[in-house]
Amino acid sequence: MAEIKYEITKELGVISENQKGWKVELNMVSWNDHPPKYDIRNWSPGRERMGKGITLTEEEMQALVTLFNERDEEDSFE
């Protein structure tokens, strides 16, 4: 299996953290020397390991934000 190369080019923030210290983070990540994309994924303490995640282009992130902002009040989890 080919090695996956990645570089976190910008840290945008931590979304949550579990009791074991793993964090769900939003970062800009360059995968295999491609232009950076938005990346939401679990990271272990110290970032030695990563979990499954989702990578979004600028357009996809804008669409996600729009969908989130346009949701009905009754769709909220509060």
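Note that the structure is a prediction, hence the values are computed from the model and not measured.
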| Given side chains that start at C-beta, do those of Asp39 and Leu26 come closer than 4.5 Å, heavy atoms only? | no
| task | Look up atom CG in Asp33 and atom NZ in Lys5, then write down how far apart they are to the nearest 0.5 Å. | result | 3.5 Å
| note | dist Ile15:CD1 -> Lys23:NZ (nearest 0.5 Å) comes out at 12.5 Å
| task | Give the intermediate values and the outcome of ring pair (Phe, Tyr, Trp, His ring centres under 6.0 Å) for residues Tyr38 and Trp31. | result | CA-CA 11 Å; Tyr38 291 95; Trp31 295 96; over 10 Å; no
| note | dist Thr66:OG1 -> Gln62:CD (nearest 0.5 Å) comes out at 7.0 Å
| field | Atom pair OG1 (Thr55) and CE (Met28), whose distance is rounded to the nearest 0.5 Å | value | 10.0 Å
| query | Atom CG of Leu56 and atom CD1 of Ile54: how far apart are they, to the nearest 0.5 Å? | reply | 4.5 Å
| CG (Leu67) with more than 12 external heavy atoms under 6.0 Å | yes
| said: Could you check whether any side-chain heavy atom of Lys10 comes within less than 4.5 Å of a side-chain heavy atom of Leu12, counting everything from C-beta outward? | reply: yes
| remark: Taken to the nearest 0.5 Å, the spacing of Asn32 CG from Glu3 CD works out to 9.0 Å
| field | Side-chain heavy atoms of Trp43 within contact of Val14, under 4.5 Å | value | no
| query | Is the closest side-chain heavy-atom distance between Pro45 and Trp22 below 4.5 Å? | reply | yes
| remark: All heavy atoms of His34 vs all of Ser30, minimum pair found to be O-OG, 2.5 Å
| query | Would Glu25 and Arg47 pass as an ion pair if we require N to O under 4.0 Å? | reply | yes
| query | Do the side chains of Thr57 and Met61 get nearer than 4.5 Å, heavy atoms only? | reply | no
| field | Asn27 (side chain) donor-acceptor with Val29 (main chain) under 3.5 angstrom | value | no
| request: For the pair Arg41 (side chain) and Gly51 (backbone), establish whether a donor and an acceptor sit closer than 3.5 Å, ignoring hydrogens and angles. | output: yes
